[in-house]
Novice: 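Quick one: this structure, given as C-alpha cells, is what I'll be asking you about.
Heavy-atom basis, side chains included; hydrogens, waters and symmetry copies ignored. If you read the sequence from its start, that first residue is 1, and numbering goes on from there.
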Amino acid sequence: MQKVLTIGEVLVEIVATTRGDGFLQAQPLVGPFPSGAPAIFVDQCGKLGTPCAIVSRVGNDDFGRLNIDRLRADGVDVSGIEVAVGETTGSAFVRYRPDGSRAFLYNLRHAACGQIRPTPASEALVDACGHLHVMGSALSAPGLGRMVMDAARRIKARGGTISFDPNLRPELLDAPGMREALGAILDMTDLFLPSGEELFLFDPGRDEAGAIAALLGRGIRTVVVKRGAEGASLFQRGLRVDAPPLSVDEIDPTGAGDAFGGAFLSLWLADTEPGLALRLANAAGARAVTRLGPMEGTSTRAELMALLQEQGA
C-alpha cells in the first residue's frame, strides 16, 4: 500500500468541564489531549495499519512529547516532526456552550506549529510517500501552503494520489490567494472529502447532484460527503452509496470528521468495496464522538466492525 503523508499542525487540546461562552472566568479543565486535524487524521490511518507519516513542528516540551508518543504508539512515522528547542507546542482551549457549540482559544500562529518549514526529514518523506492528504486550512498559511503545494505536485508528478479535505472556517476563504490555491489542489485531487456545505465551495450555483457531477467531471475519482449526525454519502461515476447515521451518545465531536477521513482513505487505498469502506468510515466518525478528547476515539478495524455489528449496520 502507498504510504500516506500529511502536513500540518500538531497541538494539545485542553477542555473546560463547565458549559458557557469562553474563558473570561477561571474554569476547571481536563487535558491535555493530543490534537490537530492532520494529527487526528493520520493517527486514525495508523490505527488501521496504513503506512503513514506526518510533517509538523512541536516544542521541546511535555505537550510535544505527548503528541509524538501517541502518534508513534499508533503506528505513525514521526520522523518528520521537528522538535524545536525553545519553542512551545501549539494549544487550543475549548469550552462547550449550552447549545453544544464550542468556543476555542488557540495558540497556534506563534507556537512551533505556526513555523513549520522544510527539513531534510520532511523532504525525505515527500520523496518516500505515494499519497498526500491535504487539509484546506493548511493552505491559508503562506509558508505551510507552499510546502503542501510543492509536496502535492511532486507526489502527483510521479503517479501518486491526493486526497483533499477542505476543513475550512468560512473566514479563511477570503485570505489572499486562498481560492486559487484550493482550486489548484482540487485539480490534482483523486479523493475529495467535503463536510456538508463545503461541497459547494467551488460551485455555489448548483444543487448537490450538479455539484457532484461537476467534481467528477474534473477527474476526481471519489467524492465522499460527510454529513455528521446524518451519516455520509459516496459518489463515483455511475455509483452512489449512502451510510445511515449510527446512534451513539455524543461527548465530544472535535476530530470526528478527521477520524472519518483517515478511516475512509485507509480503506480506499486498500481497494475495499466502496459500501463497506463508507460504513466503516461512518463508524469511525461516530465512535470518535463518544470519547472526550479529539484523538481519544480513533479506532482499530475490530472496534469499527464491533460498532457496526452492534447496530446492525
Novice: Would a 4.5 Å heavy-atom cut-off, applied to side chains only, mark Ile68 and Val83 as touching?
Specialist: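 Yes; the side chains approach each other to less than 4.5 Å.
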Novice: For atom CD of Glu208, decide whether the heavy atoms of other residues, nucleotides or ligands shown that lie under 6.0 angstrom number more than 12.
Specialist: yes
Novice: Around Arg109, counting heavy atoms of other residues, nucleotides and ligands shown, do more than 12 lie under 6.0 Å from its CZ?
Specialist: no
Novice: Between Arg57 and Glu87, is there a side-chain N and carboxylate O pair less than 4.0 Å apart?
Specialist: yes
Novice: Does the Thr6 side chain pair with the main chain of His133, one donor and one acceptor, at a distance under 3.5 Å?
Specialist: yes
Novice: Check whether any side-chain heavy atom of Leu191 lies under 4.5 Å from a side-chain heavy atom of Thr161, and answer yes or no.
Specialist: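 No, their side chains stay 4.5 Å or more apart.
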Novice: Check the hydrophobic clustering (I, L, V, M, F, W, Y; side-chain heavy atoms under 4.5 Å; chains of links allowed) and say if Leu280 and Phe260 are grouped together.
Specialist: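 No, it is not one cluster - the side chains of Leu280 and Phe260 are not joined through contacts under 4.5 Å.
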Novice: Given Glu303 and Arg291, is the salt bridge (Lys or Arg N to Asp or Glu O under 4.0 Å) satisfied, shown in steps?
Specialist: CA-CA 14 Å; Glu303 289 166 335; Arg291 304 292 191 276; over 6 Å; no
Novice: Are Leu48 and Phe264 in one and the same hydrophobic cluster, where Ile, Leu, Val, Met, Phe, Trp and Tyr link if side-chain heavy atoms are under 4.5 Å apart?
Specialist: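 Per the 4.5 Å side-chain linkage, Leu48 and Phe264 are not co-clustered.
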Novice: Flag the pair Lys226 and Glu198 as a salt bridge only when some basic side-chain nitrogen lies within less than 4.0 angstrom of an acidic carboxylate oxygen.
Specialist: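 So Lys226 does not pair with Glu198 through a salt bridge.
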Novice: State yes or no: do Leu304 and Val4 share one hydrophobic cluster built from I, L, V, M, F, W and Y residues joined by side-chain heavy-atom distances below 4.5 Å, directly or via other members?
Specialist: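 Each belongs to a different hydrophobic cluster.
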Novice: Does Val42 share a hydrophobic cluster with Val78, counting links as ILVMFWY side-chain heavy atoms below 4.5 Å and allowing steps through other members?
Specialist: yes
Novice: Tell me, do Trp268 and His131 make a side-chain contact under 4.5 Å, heavy atoms counted?
Specialist: yes
Novice: State which residue, out of Leu66, Ile116, Ile54, fulfils the side-chain contact (heavy atoms from CB on, under 4.5 Å) condition with Val10.
Specialist: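 Answer after filtering Leu66, Ile116, Ile54: Ile54.
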Novice: Would you say that Gln44 contacts Ser266 through its side chain, given a criterion of any heavy-atom pair below 4.5 Å between the two side chains?
Specialist: no
Novice: Any heavy-atom pair between the side chains of Asn60 and Arg65 that's under 4.5 Å?
Specialist: yes
Novice: How are the rings of Phe164 and Phe192 set relative to one another: parallel (under 30°), tilted (30 to 60°) or perpendicular (over 60°)?
Specialist: tilted
Novice: Is a salt bridge present between Glu310 and Arg287, judged by a nitrogen-to-oxygen distance below 4.0 Å?
Specialist: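 Salt bridge flag = no for Arg287 with Glu310.
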Novice: Should Val12 and Leu71 be regarded as members of a common hydrophobic cluster, given that ILVMFWY residues are connected when their side-chain heavy atoms come within less than 4.5 Å of each other, either directly or indirectly?
Specialist: no
Novice: For a 4.5 angstrom cut-off between non-hydrogen side-chain atoms, does Asn167 reach Ser137?
Specialist: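 Sidechains of Ser137 and Asn167: in contact.
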Novice: Determine, for Arg218 against Asp187, whether the closest basic-nitrogen to carboxylate-oxygen distance falls under 4.0 angstrom.
Specialist: yes
Novice: Can you tell me if Arg97 has over 12 outside heavy atoms packed within less than 6.0 Å of its CZ?
Specialist: yes
